Amino acid sequence: KAGVTQTPRYLIKTRGQQVTLSCSPISGHRSVSWYQQTPGQGLQFLFEYFSETQRNKGNFPGRFSGRQFSNSRSEMNVSTLELGDSALYLCASSPSTGMSYNEQFFGPGTRLTVL
Amino acid sequence: GDSVTQMEGPVTLSEEAFLTINCTYTATGYPSLFWYVQYPGEGLQLLLKATKADDKGSNKGFEATYRKETTSFHLEKGSVQVSDSAVYFCALSRGYGQNFVFGPGTRLSVLP
C-alpha cells in the first residue's frame with residue numbers, strides 16, 4: 001500500500017496570503033489528522049476529520065480550516081498568513097478499525113515558510 | 001487535560017551504548033501509548049506501541065513497557081547505532097475518535 005502523501009512538500013508565501021495543503025491518506029483509512037510542528041511549540045494538533053466530518057479540533061484560530069472529501073483526501077487552508085505560521089505541517093491517517101485502529105501513519109509533511 | 005512529558009534532550013551517546021529516554025503521562029482512563037521516531041526531513045514513523053498496563057512494545061531492538069502504577073513508558077535500547085540518530089516522540093491516545101497527545105520530543109545523536 002502506498003503511504004500518506006502530502007503536496008506540496010515545500011511552500012513559500014508572504015504575509016497576508018492564503019495557502020492550501022493537500023493530504024492523501026493510505027487507501028482504506030477514513031480518519032485524517034493535521035498537526036503543526038515548530039521548534040518552539042513541538043507537535044500541535046490542528047484537527048481531525050472522519051468520513052468528511054470534523055471530529056476533533058485543536059486550539060488554533062479560525063484562520064486554520066480543513067475539509068475532507070468523499071475519497072478521504074483532505075485539505076487544510078490557512079488564510080491571512082502570519083510569520084508565526086511558518087512550520088512543518090504533518091498529515092496522519094488512521095484506519096480506525098482493526099488491529100491498528102488507534103495508530104496514526106504520518107506523511108512526510110509540507111514545509112511552509114512565510115516571509 | 002492529557003499531557004506527555006519527556007526527558008529534555010539532546011541526548012548524545014557513543015555507538016553501542018545503552019539508551020533510555022524517559023516518558024511519563026497524565027491522562028484519564030487507560031490510554032494507548034506510543035513511541036514515534038522522526039528522521040531528518042521526514043514525517044513521524046511508529047516505532048512501537050502498548051495498549052494496556054504491563055504490555056511491552058518492541059521493534060528494531062527498542063522496547064518500552066506500559067507502567068500504569070508509575071504512569072510511564074520509558075524507551076530503551078541495549079546498543080544504539082549511528083542510524084538511530086533521530087528525534088523520538090512519546091505519545092498517548094485515549095482511543096477511538098480521540099486525538100493524539102505528543103511529548104516535546106527528544107533528539108538523540110549517536111556518535112561513531
Side-chain angles (χ1 to χ4, degrees), chain A residues 2-7 9-10 21 23-26 29-51 53-60 66 87-111, chain B residues 1-10 21 23 25 27-53 55 57-59 64 66 73 86-108:
Chain A
V4 177
T5 58
Q6 292 186 246
T7 56
R9 291 293 310 277
Y10 302 91
L21 312 182
C23 171
S24 292
I26 292 171
H29 288 193
R30 295 166 64 190
S31 168
V32 174
S33 298
W34 289 89
Y35 295 85
Q36 181 195 66
Q37 186 179 24
T38 59
Q41 300 297 318
L43 271 162
Q44 293 187 284
F45 172 74
L46 280 154
F47 28 66
E48 185 226 357
Y49 286 86
F50 180 82
S51 292
T53 301
Q54 188 180 84
R55 187 161 66 175
N56 283 302
K57 187 178 189 303
N59 189 26
F60 277 80
L88 180 68
Y89 290 87
L90 292 165
C91 166
S93 73
S94 173
S96 301
T97 59
M99 290 291 290
S100 301
Y101 79 98
N102 63 349
E103 295 177 19
Q104 293 203 328
F105 298 80
F106 284 80
T110 294
R111 171 75 62 187
Chain B
D2 298 345
S3 66
V4 175
T5 303
Q6 288 180 237
M7 61 188 292
E8 293 291 327
I21 301 178
C23 170
Y25 68 91
T28 56
Y30 299 89
S32 294
L33 302 174
F34 304 81
W35 278 101
Y36 279 83
V37 58
Q38 186 176 32
Y39 298 101
E42 299 183 11
L44 277 68
Q45 299 176 24
L46 177 64
L47 184 58
L48 53 85
K49 73 172 187 179
T51 57
K52 61 182 188 298
D55 263 2
S58 61
N59 186 25
Y66 190 143
F73 193 54
V87 181
Y88 292 81
F89 293 90
C90 185
L92 69 81
S93 171
R94 283 194 284 112
Y96 182 78
Q98 302 295 321
N99 56 282
F100 272 53
V101 175
F102 285 88
T106 301
R107 182 176 299 278
L108 169 67

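Remember, predicted model here, so these are calculated numbers, not experimental data. Every chain is numbered from 1, with letters handed out A, B, ... down the list of sequences.
To the nearest 0.5 Å, atom CZ of residue Phe106(A) and atom CZ of residue Phe100(B) are 7.0 Å apart.
More than 12 heavy atoms of other residues, nucleotides or ligands sit less than 6.0 Å from atom OH of Tyr39(B). The number of heavy-atom neighbours closer than 6.0 Å to NZ of Lys57(A), taken from other residues, nucleotides and ligands shown, is above 12. By the neighbour-count criterion of 12 heavy atoms within 6.0 Å, atom CZ of Arg107(B) is sparsely surrounded, having that number or fewer from other residues, nucleotides or ligands.
Taking Gln38(B), Gln45(B), Glu42(B) one by one and counting their heavy-atom pairs under 4.5 Å with chain A, the maximum is reached by Gln38(B).
Neither the backbone nor the side chain of Gln6(A) comes within contact range of chain B; no heavy atoms are under 4.5 Å apart. Heavy atoms closer than 4.5 Å to chain B are found nowhere in Arg111(A), neither backbone nor side chain.
In this structure, Phe102(B) has its ring center closer than 6.0 angstrom to the ring center of Tyr35(A).
The main-chain N or O of Gln104(A) is found under 3.5 Å from a side-chain atom of Tyr36(B) such that the two form a donor-acceptor pair.
By the 4.5 Å heavy-atom criterion applied to side chains, Leu46(B) and Phe105(A) are not counted as neighbours.
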